[in-house]
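Below is one structure, written out as structure tokens; comments come after it.
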Number of protein chains: 2
Amino acid sequence: MDVRTFCLGVLSLGDATGYEIKKQAEDGPFSHFYKAGFGSIYPALARLAADGLITGRDEAQAGKPDKRIYAVTPAGKAALADALTDHATGIAVEDDIRSEFLFLMFFAHLMPAHRVARQIDAHIALYRECLDHIEAKASDSACEHQLPGHVFVRGVGLAVYRAFHDYLRDNRDAFLAQLGAGRQNAAE
Amino acid sequence: MDVRTFCLGVLSLGDATGYEIKKQAEDGPFSHFYKAGFGSIYPALARLAADGLITGRDEAQAGKPDKRIYAVTPAGKAALADALTDHATGIAVEDDIRSEFLFLMFFAHLMPAHRVARQIDAHIALYRECLDHIEAKASDSACEHQLPGHVFVRGVGLAVYRAFHDYLRDNRDAFLAQLGAGRQNAAE
DNA sequence: AGAGTATATATCGGACGGATATATATCTGA
DNA sequence: TCAGATATATATCCGTCCGATATATACTCT
């Protein structure tokens, strides 16, 4: 999903600054399936404003830099709806999963075993944190009326993160033992 | 993981053409956690060759275009080992998961219900296919001696894909019902 | 004092990938 | 028959993206 559509989507939920939009991609309900950096968010916002799909109003703040709050226009809402419909083709598009960690694990035989073990444990802890974070957000929001879509995608995120975490936890020892066994065979 | 390191990794498993390296990112053991396009693979191979980390030999073929087969040099093997060690910092790096599908689902309230349902079913079918594909590969390879890392990351892939598939299958109906209920409330 | 963190906007330049181009060959459907 | 699709191959273009950097204000910790 291109960053312009992402920004329109976030703004359709309420006015926001460029910085806040980045936070949504980082810590908000989108964080487990979308990423965007300042280098693409700001140009996207500038473009959307130039196209009349959003408007920005500047606001001074005490003790902080000025901020620009963007709001989606009616044309922007229509553009978002169009973009969504355009993408909902009925043909599934593969989710994009990339893992530097798994790349390292694939070539674990080329690395010292203690580094492999340490990396796995760090990754297990990372997923534990991510799960705790999403679950805490879910508890905080339990009293608020939430979009069905929001609840659904959070459920997916929790299921996927749990699967990843649990597999690492349950197979860590066997994997490391196999790595060790492979080294002994090679030494013989 | 940058494409140069990826190419070195694939070539460390055996000589290959640029096209075959792309296939590994598409259909091979890397496909569920790595993606790379021709636009980055070919320049990366050219750069690696210029740096002396790989060598390419040209080969003519009957009925097909000529091909260039690349092999990793000893310096390339050392560079791969260095790259792996450099990345194995002991600090977990978040896996990068991006899903156009989940973005659509988040904003499902803005779309016609039949399109949402159709999109979910297509995605369920997609994950079914992916799972079948990985499982078939695992069966084919059962008699061969495989790297422990290969088996481990395939296990992660199966676990994650299953979690995604199962959650969609188990929650599809409730989600669509909620979307329908939300529309009736809005109409009242 | 400097590094790190947080809230803010903005840009640079390297990395990436989809589309395109070229080449050879085969198959399918209108 | 021709166009489109598919497969095996190499190669490049250019729009998109993002990490680093820059700037600004303020606070905390070593």
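The shown structure was predicted, so the numbers you read here are calculated from the model rather than taken from an experiment. The chains referred to below are lettered A, B, ... by the order of the sequence lines, with proteins before strands, and numbering in each begins at 1.
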**Complete:** Of the candidates C:dT7, C:dT11, D:dA9, the side chain of B:Pro65 sits closest to D:dA9
**Request:** Evaluate the ring planes of B:His150 and A:Phe106, with Trp represented by its six-membered ring, and classify them as parallel (under 30°), tilted (30 to 60°) or perpendicular (over 60°).
**Result:** tilted
**Prompt:** If you check every side-chain atom of A:Lys23, which of D:dC18, C:dT7, D:dT10 has the closest atom?
**Reply:** C:dT7
**Asked** Roughly, in whole Å, what's the span from CD1 in B:Ile54 to C1' in D:dT10?
**Response** 14 Å
**Asked** Starting at CE of A:Met1 and ending at P of D:dT16, how long is that distance when rounded to a whole Å?
**Response** 15 Å
**Complete:** Rounded to whole Å, OH of B:Tyr34 lies from C1' of C:dA15 at a distance of 10 Å
**Of the listed nucleotides D:dC17, D:dA11, C:dT9, the one nearest the side chain of A:Arg68** = C:dT9
**Prompt:** Is the A:Phe38 ring parallel, tilted or perpendicular to the A:Tyr19 ring (thresholds 30°, 60°)?
**Reply:** parallel
**Request:** State, to 0.1 Å, how close B:Ile41 and B:Gly18 come at their nearest heavy-atom pair, and which atoms those are.
**Result:** CG2-O, 4.0 Å
**Fill in**
Note: for A:Gly37 and B:Lys64 on DNA chain D, the residue whose nearest nucleotide lies more 5' is B:Lys64
**Prompt:** Looking at B:Gln61, does any N or O in its side chain come under 4.0 Å of the phosphate oxygens OP1/OP2 on C:dT24?
**Reply:** no
**Request:** Could you check how far CZ of B:Arg47 sits from P of C:dG14, rounded to whole Å?
**Result:** 11 Å
**Item:** Among C:dC16, D:dT8, D:dT12, the nucleotide that comes nearest once only the side chain of B:Tyr42 is considered
**Value:** D:dT12
**Rounded distance in Å - CG (A:Asp2) to C1' (C:dC16)** = 16 Å
**Complete:** Per nearest nucleotide of DNA chain C, the residue lying toward the 5' end, A:Ser40 or B:Arg4, is A:Ser40
**Message:** Among C:dA6, D:dC18, D:dT8, which nucleotide has an atom closest to any side-chain atom of B:Tyr19?
**Reply:** D:dT8
**Request:** Over all heavy atoms of both residues, which pair between A:Ser31 and A:Glu26 is shortest? Give the atoms and the distance, please.
**Result:** CB-O, 3.2 Å
**Prompt:** Taking CG from A:Asp96 and C1' from D:dT16, how many angstroms apart are they, rounded to a whole number?
**Reply:** 14 Å
**Asked** Just how far, in rounded Å, is P of C:dA10 from NZ of A:Lys22?
**Response** 16 Å
**Prompt:** Any side-chain heavy atom of A:Leu126 sitting closer than 4.5 Å to one from A:Phe101?
**Reply:** no
**Prompt:** Given atom CG of A:Leu45 and atom C1' of D:dC17, what is their separation to the nearest angstrom?
**Reply:** 14 Å
**Message:** Classify B:Ala62 by what it touches in the nucleic acid, base, sugar-phosphate, or nothing, heavy-atom distance under 4.0 Å.
**Reply:** nothing
**Residue closer to the 5' end of DNA chain D, A:Val3 versus B:Lys67 (nearest nucleotide)** = B:Lys67
**Asked** Between C:dT7, D:dA7, C:dG17, which one does the side chain of A:Arg98 approach most closely?
**Response** C:dG17
**Asked** Counting any heavy atom closer than 4.0 Å, what does B:Ala36 reach on the DNA or RNA strands: base, sugar-phosphate only, or nothing?
**Response** sugar-phosphate
**Request:** Measure the shortest side-chain to side-chain distance between B:Met105 and B:Ile120 over non-hydrogen atoms and say whether it is less than 4.5 angstrom.
**Result:** yes
**Asked** Considering only D:dT12, C:dG17, D:dA9, which nucleotide approaches the side chain of B:Phe38 most closely?
**Response** D:dT12
